[in-house]
Amino acid sequence: MRQAGRSLPEYRAVRGQGTILDVIADSERATEITLQPVRRYGVDAAILYSDIVTPVWAVGFGIDIVPGVGPVCENPFASASDLSRLRPLVAEEDLPFQAETIRAVLADSGVPLIGFAGGPFTLASYLVEGRPSRTYTKVKALMFGEPELWHRLCDALADVAIATLVDQVGAGASMVQLFDSWAGALRPEHYKEFVLPHATRILTEVGALGVPRTHFGINTGELLALMTDAGADVIGVDWRTPLSDARRRTGARVALQGNLDPALTTGSWTVLEKEVRRVITDNGGHPGHIFNLGHGVLPESKPELLARVVDLVHEEGRC
Ligand code: CP3
């Protein structure tokens, strides 16, 4: 998830103005930003400072990240001719900064690093809609109306995701996450037909690398069983679905990650503490639980509250 960085003054100091893609491509700053939350909070892993759209940007599709808005494309994906804008990613040439940042982070930190890539529906949604969407009208129109083109688009996006993750693991990432954050916009039958085959291919090919794989989306309570079928080792659960329900839906095959409501980290410790304990209790002592927020840290999250969450989870949560 977009994690601790954006609520931290030390992040804002290093980040400067403008697009974060330039900061991501600057290994020195990206390394420092990756390490900031580890130093401040003592969390158990670092997550690479990058974005799900970085590889698509790196192959020259034409995408930017606008502060306060998110990923934006001036010329969205509209027809088969746009497939040529999604050539295969050659990681060492197209994003050499990625491996460089990972190696520098690992040289400096005692914690493992988590790599990540964007899932097919979420990346396609930015490319087709041209900006964050509430209704996903255009991307669904392409999916339902031109299924053959949809699958070719997802094939290209899956290839980019695989090349990205292979490069991250090669540089030392100990775990990878596939973020299909907006897949919850689909009903299960549609997810199964249009997205699951591509998520399965990504997770299967990355499985050969031997690192644990997490698969996450928000509002995916109805999709948890299908997302589990895609083959990850860990399923990320947003705050809407109690972990005990998620456990029933995913079965014994996977560990769970989550699922504190991020909004709680903007308020009072009294309420937050109760809710952290609720998540731990809801897990019921199951060894397969990675405590996390149910989505990313918010710009309004209070650093002192995040620090107390980490401490409490370390006191109470280790199995
Ligand atoms: O936070 C971190 O340092 C971890 C690295 C990370 C970022 N993006 C950096 C970032 C990760 C893991 C992501 C993943 C990502 N990006 C996802 C999947 C996970 C999720 O949160 O659902 C998605 C959907 C995106 C797309 C994206 N990038 C959005 C919607 C936005 C928000 C725009 C905004 O300003 O509210 C971004 C921008 C972004 N990516 C920020 C960070 C730290 C915001 C802060 C900034 O602009 O400096």
Side-chain angles (χ1 to χ4, degrees), residues 1-26 29-41 43 45-57 63-73 97-98 101-102 105 113-127 129-134 136 139 157 161 164-165 168 173 175-185 199 214-220 236-240 257-259 261-262 265 292-301 303 306:
M1 250 94 37
R2 285 160 277 147
Q3 292 291 1
R6 54 191 189 155
S7 66
L8 295 180
E10 61 265 35
Y11 171 62
R12 290 193 288 267
V14 176
R15 185 201 177 296
Q17 303 295 313
T19 173
I20 69 166
L21 289 163
D22 290 338
V23 188
I24 288 167
D26 174 356
R29 278 191 290 169
T31 301
E32 169 60 21
I33 291 169
T34 302
L35 290 168
Q36 285 174 342
V38 179
R39 288 196 203 110
R40 186 188 264 255
Y41 298 121
V43 285
I47 185 149
L48 177 67
Y49 183 71
S50 182
D51 196 90
I52 57 168
V53 302
T54 308
V56 176
W57 171 71
I63 190 160
D64 200 359
I65 300 180
V66 177
V69 178
V72 171
C73 305
F97 51 85
Q98 176 172 269
T101 301
I102 293 174
V105 166
L113 181 112
I114 303 169
F116 66 93
F121 183 80
T122 302
L123 276 183
S125 78
Y126 289 123
L127 267 46
E129 301 280 344
R131 54 186 298 114
S133 168
R134 222 166 271 189
Y136 305 98
V139 68
L157 292 175
T164 304
L165 296 172
Q168 292 172 357
M175 185 167 192
V176 292
Q177 301 207 25
L178 185 65
F179 287 117
D180 216 348
S181 300
W182 316 134
T214 302
H215 194 185
F216 170 82
I218 74 162
N219 233 332
T220 47
V237 183
D238 86 356
W239 64 94
R240 295 171 179 85
Q257 176 171 299
N259 71 347
D261 185 339
T265 62
N292 197 1
L293 303 186
H295 199 194
V297 168
L298 299 161
E300 300 84 357
S301 295
L306 292 171

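Numbers here simply count residues along the sequence, with the first being 1. Counting starts at 1 for both ligands and their atoms, in listed order.
For the side chain to side chain donor-acceptor pair (under 3.5 Å) test, no residue two or more places apart in sequence or in another chain qualifies with S133.
Contact annotation for Q177 and ligand 1: no heavy atom of the residue comes within less than 4.0 Å of the ligand. Under 4.0 Å from ligand 1, not a single heavy atom of F216 appears. Counting heavy atoms under 4.0 Å from ligand 1, residue S50 touches it through the backbone alone.
The side-chain heavy atoms of Y49 and V23, taken from C-beta on, include a pair separated by under 4.5 Å. Taking 4.5 Å as the limit, every side-chain heavy atom of T265 sits out of range of all side-chain heavy atoms of V297.
Between W182 and ligand 1, no pair of N/O atoms sits closer than 3.5 Å. By the 3.5 Å distance cut-off applied to N or O atoms, Y126 is not counted among the residues near ligand 1. Distances between N or O atoms of Y11 and those of ligand 1 include at least one value under 3.5 Å.
Taking the six-membered ring for Trp and the full ring otherwise, the centers of F116 and F216 sit at least 6.0 Å from each other.
Between R40 and E10 a salt bridge is recorded (basic side-chain N to carboxylate O distance below 4.0 Å). Under the 4.0 Å criterion applied to side-chain N and carboxylate O atoms, R134 and E129 are not assigned as salt-bridge partners.
Using the six-membered ring where Trp is involved, W239 and H295 have ring planes that are parallel, under 30° apart on the 30 and 60° scheme.
Listed by number with element, the atoms of ligand 1 under 4.0 angstrom from any heavy atom of I65 are 38 (C). Close approach to R15 involves these atoms of ligand 1, each under 4.0 Å from a residue heavy atom: 46 (C), 47 (O), 48 (O). Of all the atoms in ligand 1, the ones that sit under 4.0 Å from a non-hydrogen atom of G70 are 31 (C), 33 (C). Atoms of ligand 1 found under 4.0 Å from any heavy atom of Y49, numbered from 1 in the order shown, are 3 (O).
V38 and A46 make their closest contact through CG2-CB, 3.7 Å (heavy atoms, listed as atom of the first residue, atom of the second, distance).
Distances from atom 14 (C) of ligand 1 to the heavy atoms of L293, V66, L48, I52 show the closest one on I52.
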